[in-house]
There are 2 protein chains.
Amino acid sequence: MKKKEHKECMSALLPVRDTLDVIGGKWKLLILISIWEGNKHFREIERSIPKLSTKVLSKELKDLEENQLITRTVLNGFPVRTEYMPTEHSKTLEKVIFELHNWGIHHRKKIFGNKSFSNNSVSA
Amino acid sequence: MKKKEHKECMSALLPVRDTLDVIGGKWKLLILISIWEGNKHFREIERSIPKLSTKVLSKELKDLEENQLITRTVLNGFPVRTEYMPTEHSKTLEKVIFELHNWGIHHRKKIFGNKSFSNNSVSA
DNA sequence: CGGTATCCATAGGGATACTG
DNA sequence: CAGTATCCCTATGGATACCG
């Protein structure tokens, strides 16, 4: 039955959607990588990523924390400092990112062939 | 040098971004799967995916075609019919989707633990 | 420093109607 | 059937200012 198969595929897609919700968007991975690299503080992270505004960073950090990919610790003292750290759970993303990376390379070859390219966008 | 590492990570991320641009968004994978399942015609695809509007479907199909994940063929006759088919290239996505799926499952377990859940959204 | 609050511009999506 | 065109509306993001 085709209908049934379709429904099954759709529901099999839910976990895929979850993953894309967690790491998709413009900034999530950039921020996570910045923190992986050792950037711990709000301004530090902000400065490490061009074009990223405080409002967006604030929201994205909350999302990452909700998804237990980073921890947020408020340090004592004045002025207030916070410390963002990657979680162990975040490390499990590496395999996914690796596959996304591989396919991205493969896809570029397919789309652009031997041509060189200079910009970032596939659809340019 | 930290700066250099950072730059390297950023540029290593470009292919990841490419992939997310190609399969990200609300509809791309749903549409691709619908076509994989054998839905060939515009209305057919549209009807197979709840809440998908013609305007969005139209745009998404163009994107998928640009990225050589589907082909579009206009059939002779009246009324006009078109036929969308998956490409071989699109099959290379299966591994990526598999990893995204796996991580989604893993992540849900992590976030919800043993609790059952009934909705689609991780962030709910 | 680590954010929130506010104002504003814009892109994107829904609904509907229409064309070849 | 296979889309475009139009109107409209909301969510998102930039810029800026401000607070603890």
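To find a chain, count down the sequence lines: A is the first, B the second, and so on, and within it residues start at 1.
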Worksheet entry | Gap between atoms CD and C1', on A/E46 and C/dG3 respectively (whole Å) | 10 Å
Discussion item. What is the separation between atom CD on A/E65 and atom P on C/dG2, rounded to the nearest whole Å?
Written reply: 15 Å
Discussion item. Regarding A/K26, tell me which of base, sugar-phosphate or nothing describes its non-hydrogen contacts under 4.0 Å with the strands shown.
Written reply: nothing
Item to complete: Round to the nearest Å and state the distance from B/L57 atom CG to D/dA5 atom C1'.
Response: 17 Å
Discussion item. Quick check on the hydrophobic clustering: are A/W36 and B/W103 connected, directly or via other members, by side-chain heavy-atom contacts under 4.5 Å?
Written reply: yes
Discussion item. Can you tell me whether the side chain of B/K55 and the base of D/dG3 have a donor-acceptor pair closer than 3.5 Å?
Written reply: no
Worksheet item: Which part of the nucleic acid does B/K59 contact within heavy-atom distance under 4.0 Å: base, sugar-phosphate only, or nothing?
Response: nothing
Worksheet entry | Protein-nucleotide distance (B/I49, atom CD1; C/dG13, atom P), rounded to Å | 14 Å
Worksheet item: In whole angstroms, how far is the P atom of D/dG13 from the CH2 atom of A/W27?
Response: 10 Å
Discussion item. OP1 or OP2 of C/dG2 versus the side-chain N and O atoms of A/T54: is any pair under 4.0 Å?
Written reply: no
Worksheet item: Is it true that B/R43 and B/E46 make a salt bridge, defined as a side-chain N closer than 4.0 Å to a carboxylate O?
Response: yes
Worksheet entry | Atom-pair distance (CZ on B/F78; P on C/dT19), nearest Å | 14 Å
Discussion item. Using a 4.0 Å heavy-atom cut-off, does B/T82 contact any base of the nucleic acid, only the sugar-phosphate backbone, or nothing at all?
Written reply: sugar-phosphate
Worksheet item: Taking CD1 from B/I70 and C1' from D/dA2, how many angstroms apart are they, rounded to a whole number?
Response: 14 Å
Practice prompt. Using a cut-off of strictly less than 4.0 Å, decide whether B/H41 has a side-chain nitrogen or oxygen near OP1 or OP2 of D/dC1.
Written response: no
Worksheet entry | Short side-chain N/O contact to C/dT4 OP1/OP2 from A/K62, under 4.0 Å | yes
Discussion item. Between B/E83 and B/R72, does any NZ, NE, NH1 or NH2 come within less than 4.0 Å of an OD or OE carboxylate oxygen?
Written reply: no
Response to the item:
Comparing A/V80 with A/K51, nearest DNA chain D nucleotide closer to 5' gives the residue A/K51
Fill in: B/P15 backbone acceptor or donor facing B/T19 side chain under 3.5 Å
yes
Worksheet item: Rounded to the Å, how far apart are A/L64 CG and C/dG3 C1'?
Response: 16 Å
Item to complete: Look up atom NZ in A/K26 and atom CD in A/E60, then write down how far apart they are to the nearest 0.5 Å.
Response: 10.5 Å
Discussion item. Using OP1 and OP2 only, check whether a side-chain N or O of A/R72 sits under 4.0 Å from C/dG3.
Written reply: yes
Item to complete: Mind checking B/R81 for me? I need base, sugar-phosphate or nothing, with any heavy atom below 4.0 Å counting as a touch.
Response: sugar-phosphate
Discussion item. C/dG14, OP1 or OP2 - any side-chain N/O from B/S53 closer than 4.0 Å?
Written reply: yes
Discussion item. Below the 4.0 Å mark, does C/dG3 have OP1 or OP2 next to a side-chain nitrogen or oxygen of A/Y84?
Written reply: yes
